[in-house]
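To start, the structure under review is shown below, and the notes come after it.
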Amino acid sequence: TIETDSYVKLLRNINQAETSKIYIKNKGDLMILHKNANVGSAKVQVEASFPNHQRLDYEFLSSPISGIPIKNLSPGTLDNRFYTYDEGSSSYVSLNPYTTLTSAGTGYMIRVPSTFPTGLNNFNIDLENNNIQSVNYGIINKVITNQGSGFNMIRNPYFSKLDLTLFYKSNNKVLEKSINFWKKRK
């Protein structure tokens, strides 16, 4: 278990017993440092908590696990409240949450569950890959388009925080001089 505000640095491969699972608590980090590490089939469960949400709020989400239905990000959300941003049309497009699979680096706009309270609460997510889908690690190439507005919804595809300065330096040929962040409220 990687506890809250803790981290584990993985230098190479993960060798797990068949019955084991890596648990990553909210704000815990699994830092996979080698781009060719053998971790794709690791069994992982991730908890995340997004504070200060109320009924009808949306959150921009992504997944550190590729290949799971986006419905798994928020099982209680109404099926018609899953979106991504289409840069070419400069609009949000609705996604089928059962057939759309998470893709590394893709951002999704998802409403909190329909049973969410009206007062401020945490929007909690609990994901696991059940040894079927792949864990995101290494260098991830994400296509950035500029056919319409130029805005692309991307999000951190990893189990750990990103170094924004390093991210910008590594991608400055395809990024604007500014990066926009969205936050619902304080």
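Because the structure is a prediction, the values reported are computed rather than measured. The first residue of the sequence shown is numbered 1, and numbering continues consecutively from there.
A pairwise comparison of heavy atoms in Ile65 and Ser63 identifies O-OG, 2.8 Å as the closest pair. Here the closest heavy-atom approach between residue Leu61 and residue Phe123 is recorded as CD1-CE2, 4.1 Å. Of all the heavy atoms in Ser160 and Leu30, the pair that sits closest is CB-O, 3.7 Å. The two residues Ile32 and Asn136 come nearest to each other via the heavy atoms CD1-O, 4.2 Å. In plain terms, the two heavy atoms of Leu73 and Ser62 that are nearest each other are CD2-O, 3.9 Å. Minimum heavy-atom separation, Ser149 to Ser90: CB-OG, 3.1 Å.
When each of Glu3, Lys43, Gln45 is tested with Tyr23 by the rule side-chain contact (heavy atoms from CB on, under 4.5 Å), just one qualifies, namely Gln45.
Rounding to the nearest 0.5 angstrom, the gap separating the OG1 atom in Thr1 from the CD1 atom in Ile24 is 10.0 Å. Taking OG of Ser20 as the reference point, atom CD1 of Ile22 lies at 7.0 Å (rounded to 0.5 Å). Rounding to the nearest 0.5 Å gives a distance of 6.0 Å between OG1 of Thr84 and CG of Leu95. Separating the CG atom in Leu127 from the CG atom in Asn129 is a distance of 9.5 Å, to the nearest 0.5 Å. Put simply, CD1 on Ile154 and CG on Asn171 are 7.0 Å apart, with the number rounded to the nearest 0.5 Å. Atom-to-atom distance recorded for Asn96:CG and Ile70:CD1 is 8.0 Å, nearest 0.5 angstrom.
Under the 3.5 Å distance criterion, with hydrogens and angles disregarded, no donor-acceptor pair is assigned to the side chains of Ser91 and Asp86. Side-chain N/O atoms of Ser49 and Asn124 include a donor and acceptor closer than 3.5 Å.
Residue pairs meeting the ring pair (Phe, Tyr, Trp, His ring centres under 6.0 Å) criterion with at least one member in residues 146-176: none, sequence neighbours excluded.
Side-chain contact between His53 and Asn122 is absent, with no heavy-atom pair separated by less than 4.5 Å. Put simply, the side chain of Leu101 does not reach to within 4.5 Å of the side chain of Ile68, judged on heavy atoms. No side-chain heavy atom of Val46 sits under 4.5 Å from any side-chain heavy atom of Asp126.
Glu87 places a side-chain N or O within donor-acceptor distance of the main-chain N or O of Gly150, the cut-off being under 3.5 Å. Thr4 places a side-chain N or O within 3.5 Å of a backbone atom of Asn26 that can act as its donor or acceptor partner. Proximity of a side-chain donor or acceptor of Arg155 to a complementary backbone N or O of Phe60 within less than 3.5 Å is detected. The backbone N or O of Ile2 sits nowhere less than 3.5 Å from a side-chain atom of Ser6 that would complete a donor-acceptor pair. Judged by distance alone, with hydrogens and angles left aside, the side-chain atoms of Asn52 form no donor-acceptor pair with the main-chain N or O of Phe50 at under 3.5 Å.
Judged as a salt bridge (charged side-chain N to carboxylate O under 4.0 Å, His left out), and not counting sequence neighbours, the contacts of Asp29 are Lys161. Tyr85 meets the ring-ring contact (aromatic ring centres under 6.0 Å, His included) test with Tyr92; sequence neighbours excluded. Not counting sequence neighbours, the partners of Lys25 by the salt bridge (charged side-chain N to carboxylate O under 4.0 Å, His left out) test are Glu47. Taking the side-chain contact (heavy atoms from CB on, under 4.5 Å) definition, one finds that Asn80 meets it with Leu78, sequence neighbours left out.
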query: Does the side-chain contact (heavy atoms from CB on, under 4.5 Å) test come out yes or no for Glu128 and Val44, once each step is laid out?
result: CA-CA 6 Å; Glu128 59 184 301; Val44 180; over 6 Å; no
Which pairs of donor and acceptor atoms, one on a side chain in residues 105-118, lie under 3.5 Å apart (sequence neighbours left out)?
residue, atom, partner, partner atom, Å
Thr106, OG1, Lys142, NZ, 2.6
Tyr108, OH, Ser103, N, 3.1

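By the neighbour-count criterion of 12 heavy atoms within 6.0 Å, atom NZ of Lys71 is densely surrounded, having more than that number from other residues, nucleotides or ligands.
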